[in-house]
J.: 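Here you go, one structure.
Within every chain, numbering begins at 1; the chains are lettered A, B, ... in the order of the sequence lines, protein sequences first and strands thereafter. Worth saying up front: this structure is predicted, and the values here are computed from it rather than measured.
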There are 2 protein chains.
Amino acid sequence: MPTKKLGSQTVALASPPSIIGHANVVGKKEGEGPLADSFDHIEQDDTFGEKSWEKSETAMQKMALASALDKAGQAASNLDYLFAGDLLNQCIGSSFAVRGQDVPFFGLYGACSTMGEGLSLAAMLIDGGFAQFTGVVTSSHFCTAERQYRTPLEYGGQRTPTAQWTVTGAGAVILAKDGPGPYITHVTTGKVVDKGIKDANNMGAAMAPAAYATLTAHLQDTGRKPSFYDLIVTGDLGALGKDIIRDFFHKDGMELANYDDCGTMIFDLKKQDVHCGGSGCGCSASVLTGYLLNGMRAGRWKNILFCPTGALLSPTSTQQGESIPSICHAVAISTSK
Amino acid sequence: MPTKKLGSQTVALASPPSIIGHANVVGKKEGEGPLADSFDHIEQDDTFGEKSWEKSETAMQKMALASALDKAGQAASNLDYLFAGDLLNQCIGSSFAVRGQDVPFFGLYGACSTMGEGLSLAAMLIDGGFAQFTGVVTSSHFCTAERQYRTPLEYGGQRTPTAQWTVTGAGAVILAKDGPGPYITHVTTGKVVDKGIKDANNMGAAMAPAAYATLTAHLQDTGRKPSFYDLIVTGDLGALGKDIIRDFFHKDGMELANYDDCGTMIFDLKKQDVHCGGSGCGCSASVLTGYLLNGMRAGRWKNILFCPTGALLSPTSTQQGESIPSICHAVAISTSK
């Protein structure tokens, strides 16, 4: 069966690639949250022994990738292609992590949707016959993000109620042409959606319409109902964005019973002072590569729709009065082909 | 014939996609250079009527994409996928240009190699059966780059002899499953190479080893000699990087007679005070979509190897004393399949 284009945004992969390795590394705060048991490595020192936060983030990506490759029983040099991206200016977290990996590299910028973007392309390159093995790695770090997007930590800035807490974490996934699964069966690629939200401290509201658009396209393209999935999970909409998505679907006459958001899963919102929840490329990446994929392997879920969301703004665009273009990429993951 | 993986970094596309539209937009200085006749639109006002340089860059991308789509006779909504990226923090030149385009979008960060990275993925998604039409657009702007990477224009900073001049320009390419060509026949994906160069004002020297590595891999993987190509063209190595590449090949016993660099082609290095030449994503993109593809259509060249190069540094990595990781992606373009 050839690969089938379904509707305008979705492809059903003819030979769904298998996830043969996945791993993550997180910081201290994430290790104190409800998903602590699902992380491969919890570092108590968020510097990761490095002299700058940016180098710490690079160190996390390297560790996550090395661990995922180890679990997959592959060397980096066996990868046909590696996809990576992060939130730092010019994506230096990734470029410096990939330096020395001896693997053909495609750099991505999809903000917090990067793991979804990377899995989409990595899966298509295998299904298209261009690769046997591909990898995806992404990260975020609370301290690099605060300095770059908001204020240096030392300023002790106040956070608004709708703010989210950038996850210190990295996640990596290794895909193979053949393997025991879980499999990536469908890829729905997002369009840029911008409903005019200008508050950079309310990214959940900015990104929710993009998530709604991609989810709706996925359901229309595949003819599936939300109930087909044991779990539909967005990346980092947080508590407010999660409510907005539910409202959108409610207006369409659909109740998303089996829906959650990585940003609200990774922290205890009441006890950990993270306001609306976690965010950052590392949020959905570390939840996917731990709690979600471990759960699929353990038989907890058979079908998951993984939908990380990205806010494609910059401090400069915000200073210039611009609203926040957003995107969401959906990847269907199943324990059977 | 199925798609064939050649060596470790190259694929030969089974059904080479056709370039069915290409266009560019450049600024005043580029329009005063030796390639002036090859540009679709030369704007005398580098603000492009916008209130910030970042918005000017977005305007260029929109114009280039619209023009390429027009030449291809396609609406943006007919594209299955659009790839875009630029040099701005969080790639806002692209995100804001794609906003409102109604097309599934993959954001890239490959620094000045972006047009090569985008063409590689856009061609593979068509050849792999995932798309009928894909697009790639990228840009750079002298004024956004100076402010972000060096100093605001008003400071009147001195430039070092090895410095390059960021091209104000955008280029867009539309690919289709079928068409009259030119065709993308081979894709060689670069690895990150870093030989320890730390001078951010000498990117030619930093990127030359990456270009050499990718070119060498391409020639080894395909079994072709440099003379197979009517023209081998790197992205923005400039005068110094160009000499370095020639030296590398000379040491290997090969003379690159048919070799040039977009950074030395787009400006008159003696008269236009650009020191080592042009640079930026828009440099190779505007030379490809004008001079090179127009020349192929006019019968001047049959086979071109297009090898844009990217320096994956940031001001932060330079301030932290880091060297410059670099990459080069090669795309073989031919008038016959």
J.: Heavy-atom pairs under 4.5 Å with chain A - which of Thr188(B), Asp80(B), Val187(B) has more of them than the others?
T.: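 Of Thr188(B), Asp80(B), Val187(B), Asp80(B) has the most heavy-atom pairs under 4.5 Å with chain A.
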J.: What residue in Ser113(A), Ala111(A), Ser95(A) has the most heavy-atom pairs under 4.5 Å with chain B?
T.: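 Greatest number of close heavy-atom pairs with chain B: Ser95(A).
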J.: Which heavy atom of Gln90(A) sits nearest to which heavy atom of Asn89(B), and what is that distance?
T.: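 Heavy atoms only, the tightest pair is NE2-OD1, 3.0 Å.
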J.: Locate the shortest heavy-atom distance separating Pro104(B) from Ser8(A); write the atom from each residue and the value.
T.: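 Nearest heavy atoms, Pro104(B) then Ser8(A): CG-O, 3.9 Å.
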J.: For Ser52(A), which of Gln320(B), Glu322(B), Gln319(B) qualifies under side-chain hydrogen bond (donor to acceptor under 3.5 Å, both in side chains)?
T.: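 Exactly one candidate clears the test, Gln320(B).
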J.: Between Lys51(B), Glu54(B), Gln101(B), Met124(B), which has the largest tally of heavy atom pairs under 4.5 Å with chain A?
T.: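 Heavy-atom pairs under 4.5 Å are most numerous for Met124(B).
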J.: Given the options Gln148(A), Lys55(A), Gln9(A), Gln132(A), which has more heavy-atom pairs under 4.5 Å with chain B than any of the others?
T.: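 Among the listed options, the one with the most contacts to chain B is Lys55(A).
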J.: Please flag which part of Leu88(B) lies under 4.5 Å from any non-hydrogen atom of chain A: side chain, backbone, both or neither.
T.: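 Interface part for Leu88(B): backbone (N, CA, C, O).
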J.: Using non-hydrogen atoms only, which part of Ser77(A) is less than 4.5 Å away from chain B: side chain, backbone, both, or neither?
T.: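 Neither; nothing under 4.5 Å.
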J.: Examine whether an atom of Ser326(B) lies under 4.5 Å from a heavy atom of chain A, and if so say whether it belongs to the side chain, the backbone or both; otherwise answer neither.
T.: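 Contact with chain A is absent: no heavy atom of Ser326(B) under 4.5 Å.
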J.: Taking the side chain as C-beta and beyond, is there a heavy-atom pair between Leu121(A) and Phe83(B) under 4.5 Å?
T.: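 Answer yes - side chains close enough.
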J.: Looking at side-chain heavy atoms only, is the closest gap between Thr316(B) and Trp53(A) below 4.5 Å?
T.: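 Not in contact.
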J.: Who wins among Ala217(B), Ser314(B), Gly128(B) for the most heavy-atom pairs under 4.5 Å with chain A?
T.: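 Option with the top pair count is Ser314(B).
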J.: Looking at CZ of Phe96(A) and CG of Asp194(B), how far apart are the two atoms once the value is rounded to the nearest 0.5 Å?
T.: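 If I round to the nearest 0.5 Å, the distance is 7.0 Å.
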J.: So how far is it from Leu108(B) CG to Cys91(A) SG, rounded to the nearest 0.5 Å?
T.: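 That separation rounds to 10.0 Å.
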J.: Any idea which heavy atoms bring Gly107(B) and Glu117(A) closest together, and the distance?
T.: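 So the minimum-distance heavy-atom pair works out to O-OE2, 2.7 Å.
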J.: By a 4.5 Å heavy-atom criterion (distance strictly below it), what part of Ser317(A) contacts chain B: side chain, backbone, both, or neither?
T.: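 When you check distances to chain B, atoms from both the backbone and side chain of Ser317(A) fall under 4.5 Å.
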J.: Can you tell me how far the OG1 atom of Thr189(A) sits from the CZ atom of Phe105(B), to the nearest 0.5 Å?
T.: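 Between Thr189(A) OG1 and Phe105(B) CZ, I get 11.5 Å after rounding to 0.5 Å.
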J.: Looking at Phe133(B), does the NZ or CZ of Lys5(A) lie under 6.0 angstrom from its six-membered ring centre and within 45 degrees of the ring axis?
T.: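 No, Lys5(A) does not sit over the ring of Phe133(B).
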J.: If you count heavy-atom pairs under 4.5 Å with chain A, which of Ser120(B), Gly100(B), Ser323(B), Gly85(B) comes out on top?
T.: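 Looking at each of Ser120(B), Gly100(B), Ser323(B), Gly85(B) in turn, Ser323(B) comes out on top.
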J.: Would you give the length of the straight line joining atom CD1 of Ile92(B) to atom CG of Leu313(A), rounded to the nearest 0.5 angstrom?
T.: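 These two atoms lie 9.0 Å from each other.
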J.: For chain A, which of Val103(B), Val11(B), Thr214(B), Val98(B) has the most heavy-atom pairs under 4.5 Å?
T.: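 Ranked by heavy-atom pairs under 4.5 Å with chain A, first place is Val103(B).
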J.: Can you tell me how far CD1 of Ile327(B) sits from CZ of Phe106(A), rounded to the nearest 0.5 angstrom?
T.: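 It comes to 8.5 Å.
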